[in-house]
Amino acid sequence: MNYDTLTITEATKIQNQLREEIRIRERNFPIDIIAGADISFNKFSTTVYAGIVLLRFPSLLPVAYSLVKKEVLFPYVPGYLAFREVPALLGAWEQLAVKPDLLVVDGHGIAHPRRMGIAAHFGVLAQVPAIGCAKKVLCGGYEEPGLQQGSESPLIYKDEVVGVALRTKNAVKPVYVSPGHKMDVPGAVEVMKQCLGRYRIPEPTRLAHNTVNLFRTGELSEGYHEVG
DNA sequence: GCGACAG
DNA sequence: ATCTTGTCGC
C-alpha cells in the first residue's frame, strides 16, 4: 500500500469512504493480548520507524514486538496523520506472529473532524478493534477533568461525545481517548484505565514509543521479536 | 476572514 | 515528531 502520491482532496474521499466501515459498538470480546503502535523519525527525514508492541492483559507485561523501517513521502497534515503512518504500521502488523485482541494507536480514533483518526483508519483496514490515545486534542472541547488519577471528562465535537479527556496521573495533563473500531467510548475508557502505570502515557503506547525510538537509534533491529 | 491544528 | 538545559513539585 502507498499513500504517497495522494492529494488532500483524494485523501479526504478515502476517509469519507472508510468511515462507512467503522463499527462503534460495545466491546464483545475478551482481551488477552493488547498492543501499542507508534512511529518515530528524524526531523526532516523521509524514513519512518514503525513498531507494534504486544503486551499481556491485564498484567501489561510485554511479550513481543514488530519493527519495520519505511520511506514515506506523504507529509504530516493535521487531520491526515493516517496517510503518513498507517502504511508503515501495516508492515509491522503483517509481521506479527500473533495478532492482538485490541490495538492502541498513538493519535485519535473518532475524535476527528471526519471521524476518521488514525486508530479508526488502521482498525478498519486491519479489521482489528482499536482505540486512539492522543496527547493533544485535534478537535472538540471538554471541561477540565478532576485532578485525581482516573478522572474523566467527555470530549465533545459538534454536540457529540467522541471521546474523553482522561487523567492518567494525579495533577498531570490528561490524554485523549477515543474508540477507533469495534469499541465504544465507555469501553475504550474502561480498557485504558486498566493500562495506567507510573507514567502519563498508558503502557501500550508508552512501550511502543520507547521501542521505536530504540529502533531508530540502532539499539533494536527490524523484524519480529519475542521478549524474554 | 480568523484561529486551531493528532504526530 | 525530535532536540535539549534547567526548574518545579510530589
Side-chain angles (χ1 to χ4, degrees), chain A residues 3-4 6 8 11-12 14-15 18-19 22 36-52 67-90 92 103-124 130-142 147-149 155-158 162-181 185 188 192 197-202 204-219:
Chain A
Y3 285 146
D4 290 342
L6 292 179
I8 294 300
T12 302
I14 290 176
Q15 290 183 328
L18 285 179
R19 186 174 55 241
I22 302 178
D38 193 18
I39 73 161
S40 174
F41 57 89
N42 291 309
K43 201 175 182 178
F44 305 130
S45 169
T46 55
T47 302
V48 300
Y49 300 79
I52 294 178
L67 268 18
V68 164
K69 185 168 83 162
K70 196 178 194 308
E71 291 303 307
V72 177
L73 299 183
F74 197 93
Y76 167 66
V77 180
Y80 299 87
L81 176 65
F83 295 90
R84 181 171 165 72
E85 304 197 350
V86 161
L89 288 179
L90 281 175
L103 179 69
V104 183
V105 183
D106 192 334
H108 293 285
I110 61 169
H112 178 280
R114 291 168 295 286
R115 305 295 195 280
M116 272 307 295
I118 186 170
H121 195 124
F122 188 94
V124 165
I131 293 174
C133 181
K135 299 178 288 300
K136 296 176 182 175
V137 169
L138 208 209
C139 66
Y142 63 96
L147 296 179
Q148 192 92 80
Q149 174 186 76
L155 175 60
I156 297 170
Y157 181 61
K158 292 185 173 177
V162 293
V164 307
L166 174 65
R167 191 81 67 186
T168 54
K169 274 186 54 102
N170 292 177
V172 164
K173 287 193 302 178
V175 297
Y176 308 91
V177 175
S178 61
H181 191 44
V185 172
M192 293 314 290
R198 173 180 178 189
Y199 307 89
R200 176 169 87 114
I201 307 303
T205 290
R206 191 183 72 80
L207 283 185
H209 189 268
N210 288 344
T211 305
V212 292
N213 272 328
L214 291 175
F215 178 31
R216 177 173 58 83
T217 55
E219 295 156 83

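Per chain, numbering begins at 1; letters A, B, ... match sequence-line order.
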Checklist entry - If you look at every strand shown and take non-hydrogen atoms under 4.0 Å, does A:His121 touch a base, only sugar-phosphate, or nothing? => result nothing

Next on the checklist: Just checking A:Tyr3 against A:His121, ring centres under 6.0 Å apart?
Outcome noted: yes

Checklist entry - Out of C:dT2, B:dA6, B:dG7, which has the shortest distance to the side chain of A:His112? => result B:dA6

Next on the checklist: Base, sugar-phosphate or nothing for A:Lys43? Non-hydrogen atoms, less than 4.0 Å.
Outcome noted: base

Item to check | Nucleotide of B:dA6, C:dC3, C:dA1 approaching A:Lys136 most closely (side-chain heavy atoms) | outcome: B:dA6

Checklist entry - NA contact type, A:Gly132, heavy-atom cut-off 4.0 Å: base, sugar-phosphate, or nothing? => result nothing

Next on the checklist: Categorize A:Tyr80 for me: base, sugar-phosphate, or nothing, with a 4.0 angstrom heavy-atom threshold over every strand shown.
Outcome noted: base

Next on the checklist: Strictly below 4.0 Å: does A:Asn170 bring a side-chain N or O up to OP1 or OP2 of C:dG9?
Outcome noted: no

Next on the checklist: Can a side-chain donor-acceptor contact be found between A:Thr12 and A:Tyr80 if the only test is distance below 3.5 angstrom?
Outcome noted: yes

Next on the checklist: Check the phosphate of B:dA6 against A:Lys135, side-chain N and O only, distance under 4.0 Å to OP1 or OP2. Yes or no?
Outcome noted: no

Next on the checklist: Any base atoms under 4.0 Å from A:Asp38, or only sugar-phosphate, or nothing? Heavy atoms, all strands.
Outcome noted: sugar-phosphate

Checklist entry - In terms of ring plane angle, is the pair A:Tyr49 and A:Phe215 parallel, tilted or perpendicular, where the classes change at 30° and 60°? => result perpendicular

Next on the checklist: Please determine whether a side-chain nitrogen or oxygen atom of A:Arg114 lies at a distance below 4.0 Å from atom OP1 or OP2 of B:dA6.
Outcome noted: no

Item to check | Polar contact flag, side-chain donor to acceptor under 3.5 angstrom, A:Thr47-A:Glu71 | outcome: yes

Next on the checklist: What is the distance, to the nearest angstrom, from the CE atom on A:Met116 to the C1' atom on B:dA6?
Outcome noted: 14 Å

Item to check | Stacked pair A:Tyr176-B:dA6, distance under 5.5 Å, angle under 30° | outcome: no

Checklist entry - So what does A:Ile118 touch, heavy atoms closer than 4.0 Å: a base, only the sugar-phosphate, or nothing? => result base

Checklist entry - Between B:dG7, C:dC3, B:dC5, which nucleotide gets closest to the side-chain atoms of A:Pro78? => result B:dC5

Checklist entry - Starting at OH of A:Tyr199 and ending at P of C:dC10, how long is that distance when rounded to a whole Å? => result 20 Å

Checklist outcome for this item: Among the nucleotides C:dA1, B:dG7, B:dA6, whichever has the atom closest to the side chain of A:His108 is B:dA6

Item to check | Closest non-hydrogen atom pair, A:His112 against A:Leu138 | outcome: CD2-CD1, 3.8 Å

Checklist entry - Considering only C:dT2, C:dA1, B:dA6, which nucleotide approaches the side chain of A:Phe41 most closely? => result C:dA1

